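From a predicted model like this one, the values you see are computed outputs, not experimental measurements. All ligand and atom numbering here is 1-based and tracks the order in the structure. Residue numbers start at 1 and run along the sequence shown. Just so you know, these numbers use all the heavy atoms, side chains as well, and skip hydrogens, waters and symmetry mates.
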Amino acid sequence: MSIEKIVSLCKRRGFVFQSSEIYGGFGAIYDYGPLGITLKKNISQLWWRDMTQLHENIVGLDSGILMHPKTWEASGHVNAFNDPLVDCKECKSRYRSDELVEEDQEKIDWTTIQCPRCGTKGKLTEPRQFNLMFKTNIGPVEDDNNIAYLRPETAQGIYVNYLLTQNAMRLKVPFGIAQIGKAFRNEITPRNFIFRLREFEQMELEFFVQKGDDEKWHDYWVEKRLKWWVEQGIPEKRLKLFDVPKEGLSHYSKKTVDIMYAFPHGEEELEGIANRTDFDLGSHTKNQGDFGISAAVAENKDSTTKLAVQSKNDGGWQIPYVIEPSAGLDRGVLALLNEAYKKESLGDNKERVVLSLAPHLSPIKAAIIPLKKNNEALVGLAKEIKLSLQSLRLGRVVLENSGNIGKNYRRHDEVGTPVCVTVDFESLDKKTVTIRDRDTMEQKTIPIEGLKEVFTETIKK
Ligand code: GAP
């Protein structure tokens, strides 16, 4: 599906809006409208449920976006969280050099490369490293002593709370800490709608394991996370596993497998599952020399705590390894919208747009439509039915009192409402309703009595 069609539907139907549109928009920030935020929450709540309710050894956390600046020195982000940037001196365009020319960056003669925008040759600068973290200042005075960073990943909030969480919850390795939250990156080339943003949301699990068990757990989480996306409605054939080559690994990773999805603009990363070894806890711990840390960590003179666990076997202290499945929530929304969006011919030159979202993710679960607008008896019964389905607390149920059944069906197809219930005069006499399935458009008459059960079966996950 073309991205333009998705962007247009998102705006028209209240899924996603360009930020600050009335001022001409604001670079690579998007706002979620009423249906978009519900879809997004449905995805994140399911992730949260699956992590923290269905695994006894995984607990949740919600840490601050702003953290002690030492965190980002120890984590390596101040030094290593960079993208290589080139400028065109002619038209002032900016590029990530590794996206502009894919070959070995060391060997490129930049004076021979043409600017893709203005076409001038020989005006591109040599690449320079650009740190992606947004900086701000804490307190009223802006100087170098009170710099803080907006977190570029939620993971570090988990590492600095590792020991407090472990002690409070009496956890033993292997165990995990899950977090969902905003992350910020000053991306040089944000693009493709909500694919690459400057403000986005991550769903991250840091799963702490014993060194030596790490590869087994890495395989486990790759398989588990792939299956999870399939359960949300992405066919397995549209997902691929990509073993990130050594030169593409983040500074903390021994191995990363990306779950790639066929986005409208091409195949790209939806989620990464990294083996971060003992790099992070090792970097944040004090007395690093005592623990035989495998990763190359910089000395930490600021940490007040040892982030280690005592071995059951020999009583020695060890820094656990970390397996990290890290998913982009906005990318999840985009992938699921792209999968769900379909244009179908209805014959007679008519067509419909239908959003075949998995019913458990749909922002509106059912529309109740009285056959005649403002007919007291029909509308009264429709309201009763709405309240009875609403009381199941499976999601939003709406009453459509416009009288135009066909238009209501089209509108609800377009926003992915799985069930439409029509209340007609037979509903008054025979206590039946017509339910229409969004995907097949099949209509069935069923007793009102059985509606709650049919609805629950359709929606529940
Ligand atoms: N804690 C590990 C980490 O942050 P990452 O591969 O940089 O790893 C994890 O990011 C996920 O976050 C990616 O798979 C992607 O889905 C999402 N993500 C990263 N940068 C993003 C951006 N600029 N806009 C939207 N999503 C992004």
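- The two residues Pro190 and Arg196 have their closest heavy-atom pair at CB-O, 3.4 Å.
- A donor-acceptor pair under 3.5 Å is absent between the side-chain atoms of Glu206 and the main chain of Ala155, judged by distance alone.
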Exercise answer: donor-acceptor pairs, residues 137-144 side-chain atoms, under 3.5 Å, sequence neighbours excluded:
| unit_1 | atom_1 | unit_2 | atom_2 | d |
| --- | --- | --- | --- | --- |
| Asn137 | ND2 | Asp143 | O | 3.1 |
| Asn137 | ND2 | Asn146 | OD1 | 2.6 |
| Asp143 | OD1 | Asn145 | N | 2.8 |

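- Partners of Tyr409 by side-chain contact (heavy atoms from CB on, under 4.5 Å), not counting sequence neighbours, listed by chain and number: Ile369, Ile405, Cys420, Thr422, Arg436, Gln443.
- The protein residues lying under 4.0 angstrom from ligand 1, judged by non-hydrogen atoms, are Glu153, Arg185, Glu187, Phe195, Arg196, Leu197, Phe200, Gln202, Glu204, Tyr252, Glu269, Leu270, Glu271, Gly272, Arg276, Glu324, Ser326, Gly328, Arg331.
- Pairs engaging residues 149-169 under the salt bridge (Lys or Arg N to Asp or Glu O under 4.0 Å) rule: Glu153-Arg276 [sequence neighbours left out].
- Under the 30°/60° scheme for interplanar angles, the aromatic rings of Tyr162 and Phe175 are found to lie parallel.
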